[in-house]
Amino acid sequence: MKKNLPIIIAGPTASGKTELALGLASLLGAEIISADSRQVYKELTIGTAKPEGKWENGKYLVNNIPYNLVDFLYVEQTFNAGEFCNRSKKIQGNVPPQGTLPYIFCGGTGMYLDAFFFGMNELPKDENLRKELSLLSKPELHARLKAADPQSAAEIPEGNIQRTMRALEIYLLTKTPASVLRNKDKARDFTGKAFFIYLNPDKEILNKRIELRTKKMFEGMCAEASALLKKGHTKQTPALKSLGYPQAIEFLEGALKREDAIEKIITLTRQYAKRQRTWFNRYEGVMEINDLTHLSPEKIIKNFVN
RNA sequence: GCCGGGGUAGCUCAGUGGUAGAGCACUGGUCUGAAAAACCAGGUGUCGACAGUUCAAUCCUGUCCCCCGGCA
């Protein structure tokens with residue numbers, strides 16, 4: 001097993017990533033870096049399935065294993081792929097003088113993994129400009145993008161206001177079309193970059209796991225949402241747009257019956273898992289595991305030795 | 001038992017004498033600093049059953065079955 005390659009454990013939500021990562025980390029003496037855009041929030045734990053841990057000497061520890069990039073932001077703060085890259089690099093830079101400390105990336109936010117392992121173009125960002133742009137209508141935004149950057153406009157549907165705005169933002173800040181500045185290489189081959197374990201359980205099994213997990217976490221989500229509402233946060237707070245929390249809030253407000261809220265969250269989670277599967281399916285050089293029944297960290301390590 | 005309403009997609013329902021559509025679900029996909037986000041594409045069907053009228057019936061007629069109200 002090559003020492004200097006990181007391990008990645010990725011896959012759809014509820015596929016058992018965290019458990020496997022902790023098992024591997026404990027065997028290898030590794031640290032975990034979370035690639036999860038929601039577990040970064042301190043106040044969202046149950047609803048994001050963040051592993052329970054405690055802060056000690058500036059490290060979030062789960063069963064004594066350092067679990068990086070979780071539980072460090074407040075809900076009014078934002079996080080993004082670029083920030084993920086910077087922080088991950090910094091953490092990885094903390095290697096001990098002798099040898100290499102192995103790192104296990106674990107998470108379901110494919111965009112973060114893309115950004116870290118295949119690089120991100122240095123593209124500017126401007127919150128104020130974004131606010132200005134958000135006042136424009138979709139057709140207006142798309143028309144402007146078409147004038148400035150026809151290629152991006154052709155690739156981005158008018159309905160997709162986020163990507164339209166971002167492409168336009170890049171053009172306005174750099175005077176160069178985003179389609180020119182962005183890396184065109186869509187290849188996503190992890191060979192030589194990492195040991196990539198793609199947990200992809202059979203759909204029926206994953207759906208069942210999602211159903212059970214959602215039912216189990218609903219009360220906790222409501223408690224978390226309720227506490228945040230009391231502090232003055234609203235549905236508009238970005239972190240509270242995380243999957244399931246809007247439904248928990250609607251339940252708390254009486255707009256949704258309990259069963260309906262739970263059912264809705266299950267559906268949304270299944271749909272999210274599908275998008276994650278679509279994302280990860282295009283990766284090359286990964287070890288895909290569909291059958292979780294005989295999965296063990298020991299077995300995984302054996303596989304890597306060969 | 002009688003009276004009324006209804007049986008159309010997985011669900012809720014629209015619709016027409018020329019074999020059918022919406023929303024949601026579902027399926028596939030997009031993705032470069034919001035990504036648990038924001039989108040794109042696709043109709044998946046014995047139109048309750050049987051018979052009749054008709055060139056043609058999911059639609060009209062009859063019988064039957066089932067569901068929901070009301071009266072007994």
Report yes if at least one side-chain N or O of [X] is closer than 4.0 Å to OP1 or OP2 of [N]; otherwise report no.
X: A:Thr109; N: B:A36; result: yes
X: A:Arg163; N: B:U30; result: no
X: A:Arg166; N: B:A35; result: no
X: A:Lys138; N: B:C39; result: yes
X: A:Arg275; N: B:A35; result: no
X: A:Tyr112; N: B:A35; result: yes

For A:Phe190, run the ring pair (Phe, Tyr, Trp, His ring centres under 6.0 Å) check against A:Phe195, A:Phe118, A:Phe116 and tell me which one passes. A:Phe118
Check for a donor-acceptor pair, side chain of A:Gln39 on one end and backbone N or O of A:Ser34 on the other, with a separation under 3.5 Å. no
Using a 4.0 Å heavy-atom cut-off, does [X] contact any base of the nucleic acid, only the sugar-phosphate backbone, or nothing at all?
X: A:Pro238; result: nothing
X: A:Phe79; result: sugar-phosphate
X: A:Gly47; result: base
X: A:Asp114; result: nothing

Gap in Å between the two [atom1] atoms, one belonging to [N] and one to [M], rounded:
N: B:U54; M: B:U19; atom1: C1'; value: 16 Å
N: B:G45; M: B:C55; atom1: P; value: 32 Å
N: B:G62; M: B:G23; atom1: P; value: 36 Å
N: B:A22; M: B:C67; atom1: C1'; value: 24 Å

Return the polar atom pairs (N/O with N/O) between nucleotides 23-27 of chain B and the protein under 3.5 Å, or none.
| from | atom 1 | to | atom 2 | distance (Å) |
| --- | --- | --- | --- | --- |
| B:A25 | OP1 | A:Gln271 | NE2 | 3.0 |
| B:C26 | OP1 | A:Arg270 | NE | 3.1 |
| B:C26 | OP1 | A:Arg270 | NH2 | 3.1 |
| B:C26 | OP2 | A:Gln271 | NE2 | 2.7 |
| B:U27 | OP1 | A:Lys203 | NZ | 3.0 |

Is there a continuous path of hydrophobic side-chain contacts, each under 4.5 Å between heavy atoms, that joins A:Ile170 to A:Leu136? no
Taking the six-membered ring of A:Trp279, is NZ or CZ of A:Arg282 closer than 6.0 Å to its centre and within 45° of its axis? yes
Before accepting this row, confirm whether a basic side-chain N of the pair A:Glu211/A:Lys215 lies closer than 4.0 Å to the acidic partner's carboxylate O. yes
Take N1-N3 plus N6-O4 or O6-N4 for Watson-Crick, N1-O2 plus O6-N3 for G-U, both under 3.5 Å. Which runs of 3 or more such pairs involve RNA chain B? B:1-7 with B:65-71, B:10-13 with B:21-24, B:26-30 with B:38-42, B:48-52 with B:60-64
Residue that, paired with A:Ile9, satisfies side chain to side chain contact (heavy atoms under 4.5 Å, CB included) out of A:Ile300, A:Ile32, A:Ile104: A:Ile104
Starting at the 5' end of RNA chain B, which residue's closest nucleotide do you reach first, A:Tyr272 or A:Pro157? A:Tyr272
Hey, which sits more toward the 5' end of RNA chain B by its nearest nucleotide, A:Gly119 or A:Asn160? A:Gly119
Hey, mind stepping through A:Phe72 and A:Tyr41 against ring-ring contact (aromatic ring centres under 6.0 Å, His included) and telling me if it holds? CA-CA 6 Å; A:Phe72 66 101; A:Tyr41 292 109; 8.4 Å; no
Side-chain donor or acceptor of A:Asn121 under 3.5 Å from a matching atom on the base of B:U32? yes
